Amino acid sequence: MRKKSFWKVLKYIILLLGGVIFFLPYWFMVVISFETPQEASAIPPHWLPPNPTLRNYVRLFTQLRFGTYMLNSVIVTASLVVGQILLCSLAGYAFARLYFPGKSVFFFALLVVLMVPGIILLIPRYIVLKYFGLTNTLTGVILFQLLSAFGIFLYRQQIMSMPIELEEAAVCDGANVIQVFYRVVFPLLQSVHTSFGLLVFIYGWNLFLWPLIVLSSSKKYTLPVGLAQLQGRYFFDFGMMMAGAVVATIPVIVLLLVFQKQIIRSMAYSGLKQ
């Protein structure tokens, strides 16, 4: 009995230490956001701001187009979440339930795409965007991100684990393929929508390299690209950068708090056959 208690206490100690280690960067981020440039560059960093000030947050919205950057990020992220959930679930349903020529070949190609580093496709994608005149537009940023090989694979596996009897009953009642998908299958994928949608949101909200390549006008910058402009060649505004990072993480934290039950439920049932 004592041995079990010892290992239980040790487990909680390890988890607590791990939580503290992961939390420390965020704590210092918040502390530095309330410091002056001189205090923010101190080594070692302060555990609490010596003279707390909101100067960095005020400058963030007055000297930088922070509101514009946030709006652009909201447009890009919302488009990716809605687009990827709809298109990936539809493509996953096609691979799971429909029969068409070359299905196995296309699915094998999908698996190959999963193993290809995304950075290899940056130049070909940019050439296509330039050909269609979509560079320096949010449409160009969104276009090549609307489909995800991982998302298609995830939805296909989940749909294949679902019983087909409900779909057959809908077909017997006269429903076509699209009606079966949107009225029967799509609502049953709620747990996948939640977990995958949150992953896409985090991905889209933090998307940096692709918008950096596509966008050239500061009015079109997304939040990560806009914050990167604070880093100069000879000067780095730590306080203002950290203030922007604090504001940028708030939507992600709010989403995690709001949907934490659904995420835990989807993870708990992800391995069960429905």
Side-chain angles (χ1 to χ4, degrees), residues 16-82 119 136-138 140-142 145 197-260 263:
L16 180 62
L17 289 175
V20 170
I21 291 172
F22 279 99
F23 177 73
L24 278 178
Y26 296 97
W27 174 255
F28 285 121
M29 179 179 73
V30 174
V31 170
I32 292 174
S33 71
F34 288 101
E35 293 182 336
T36 62
Q38 293 76 19
E39 294 170 346
S41 58
I43 298 176
H46 302 111
W47 287 91
L48 291 172
N51 302 294
T53 175
L54 293 174
R55 178 173 173 268
N56 293 318
Y57 291 92
V58 174
R59 291 170 57 222
L60 195 67
F61 287 94
T62 56
Q63 298 181 14
L64 201 67
R65 294 174 174 170
F66 195 78
T68 303
Y69 299 157
M70 285 199 71
L71 179 60
N72 292 338
S73 284
V74 168
I75 294 172
V76 170
T77 306
S79 301
L80 293 187
V81 171
V82 175
I119 196 170
N136 196 31
T137 63
L138 294 181
V141 175
I142 296 167
Q145 308 292 327
L198 185 60
L199 289 175
V200 176
F201 178 88
I202 295 174
Y203 170 78
W205 191 254
N206 296 322
L207 193 61
F208 173 73
L209 186 57
W210 179 238
L212 180 65
I213 294 173
V214 174
L215 303 174
S216 56
S217 171
S218 60
K219 295 180 180 180
K220 304 290 181 65
Y221 284 167
T222 56
L223 196 53
V225 179
L227 289 177
Q229 307 309 306
L230 294 175
Q231 180 179 359
R233 179 176 297 181
Y234 304 107
F235 178 73
F236 193 99
D237 196 333
F238 288 102
M240 200 169 171
M241 175 72 81
M242 293 303 104
V246 169
V247 177
T249 55
I250 290 176
V252 179
I253 294 173
V254 170
L255 277 180
L256 287 173
L257 293 176
V258 171
F259 293 104
Q260 60 178 333
I263 295 170

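In this chain, residues are counted from 1 in sequence order. All values reported here derive from a predicted model rather than from experimental measurement.
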Legend entry - Which atom of Val31 lies closest to which atom of Leu48, heavy atoms considered: CG1-C, 3.9 Å

Legend entry - Audit row: Tyr69, Leu227, side-chain contact (heavy atoms from CB on, under 4.5 Å) steps and yes/no: CA-CA 9 Å; Tyr69 299 157; Leu227 289 177; over 6 Å; no

Inset, instruction - First locate atom OG1 of Thr249, then atom CD1 of Ile202, and finally report the distance between them rounded to the nearest 0.5 Å. - result: 11.5 Å

Inset, instruction - Side-chain contact test, heavy atoms from C-beta onward, threshold under 4.5 Å: evaluate it for Phe201 versus Leu255 and give yes or no. - result: yes

Inset, instruction - Working to the nearest 0.5 Å, report the span between OG of Ser73 and OH of Tyr221. - result: 13.0 Å

Inset, instruction - Return yes if some donor-acceptor pair links the side-chain N/O of Asn56 with the main-chain N/O of Met242 below 3.5 Å, else return no. - result: no

Inset, instruction - Write down the atom of Leu223, the atom of Phe66, and the distance for their closest heavy-atom approach. - result: CD1-CE1, 3.3 Å

Legend entry - Asn72 (side chain) donor-acceptor with Lys219 (main chain) under 3.5 angstrom: yes

Inset, instruction - Answer yes or no: does atom CG of Leu257 have more than 12 heavy-atom neighbours from other residues, nucleotides or ligands under 6.0 Å? - result: yes

Legend entry - Check: Trp27 side chain, Trp47 main-chain N or O, donor-acceptor pair, under 3.5 Å: yes

Inset, instruction - Please assess Phe208 against Thr222 for the test side-chain contact (heavy atoms from CB on, under 4.5 Å), listing each intermediate value before the final yes or no. - result: CA-CA 8 Å; Phe208 173 73; Thr222 56; over 6 Å; no

Legend entry - Pair Glu35-His46, side-chain donor/acceptor within less than 3.5 Å: yes

Inset, instruction - Please report the shortest heavy-atom distance between Gly140 and Val214, naming the atom on each side. - result: C-CG1, 4.4 Å

Inset, instruction - State whether the side chain of Thr77 and the backbone N or O of Val74 hold a donor-acceptor pair below 3.5 Å, judged by distance alone. - result: no

Legend entry - Considering all heavy atoms, the nearest Pro251-Val247 contact: CD-O, 3.3 Å

Legend entry - Side-chain (Gln63) to main-chain (Leu60) donor-acceptor, under 3.5 angstrom: no

Inset, instruction - Supply the atom-to-atom distance Met70 CE to Trp205 CH2, rounded to the nearest 0.5 angstrom. - result: 4.0 Å

Inset, instruction - Could you tell me whether the side chain of Ser33 and the main chain of Val30 form a donor-acceptor pair under 3.5 Å? - result: yes

Inset, instruction - Return the minimal non-hydrogen interatomic distance between Leu80 and Gly204, and the atom names on each side. - result: CD1-CA, 3.9 Å

Legend entry - Point-to-point distance, once rounded to the nearest 0.5 Å, from CE of Met241 to CG of Leu64: 9.5 Å

Inset, instruction - Mark yes or no for whether Trp210, through its side chain, and Val141, through its backbone, hold a donor-acceptor pair below 3.5 Å. - result: yes

Legend entry - Phe61 CZ: over 12 foreign heavy atoms closer than 6.0 Å: yes

Inset, instruction - Determine whether the side chains of Ser218 and Arg65 contain a donor N or O and an acceptor N or O closer than 3.5 Å. - result: yes

Legend entry - From Ile142 atom CD1 to Thr137 atom OG1, the distance as rounded to the nearest 0.5 Å: 8.5 Å

Inset, instruction - Would you check if the side chain of Lys220 reaches a backbone N or O of Asn136 as a donor-acceptor pair within less than 3.5 Å? - result: yes

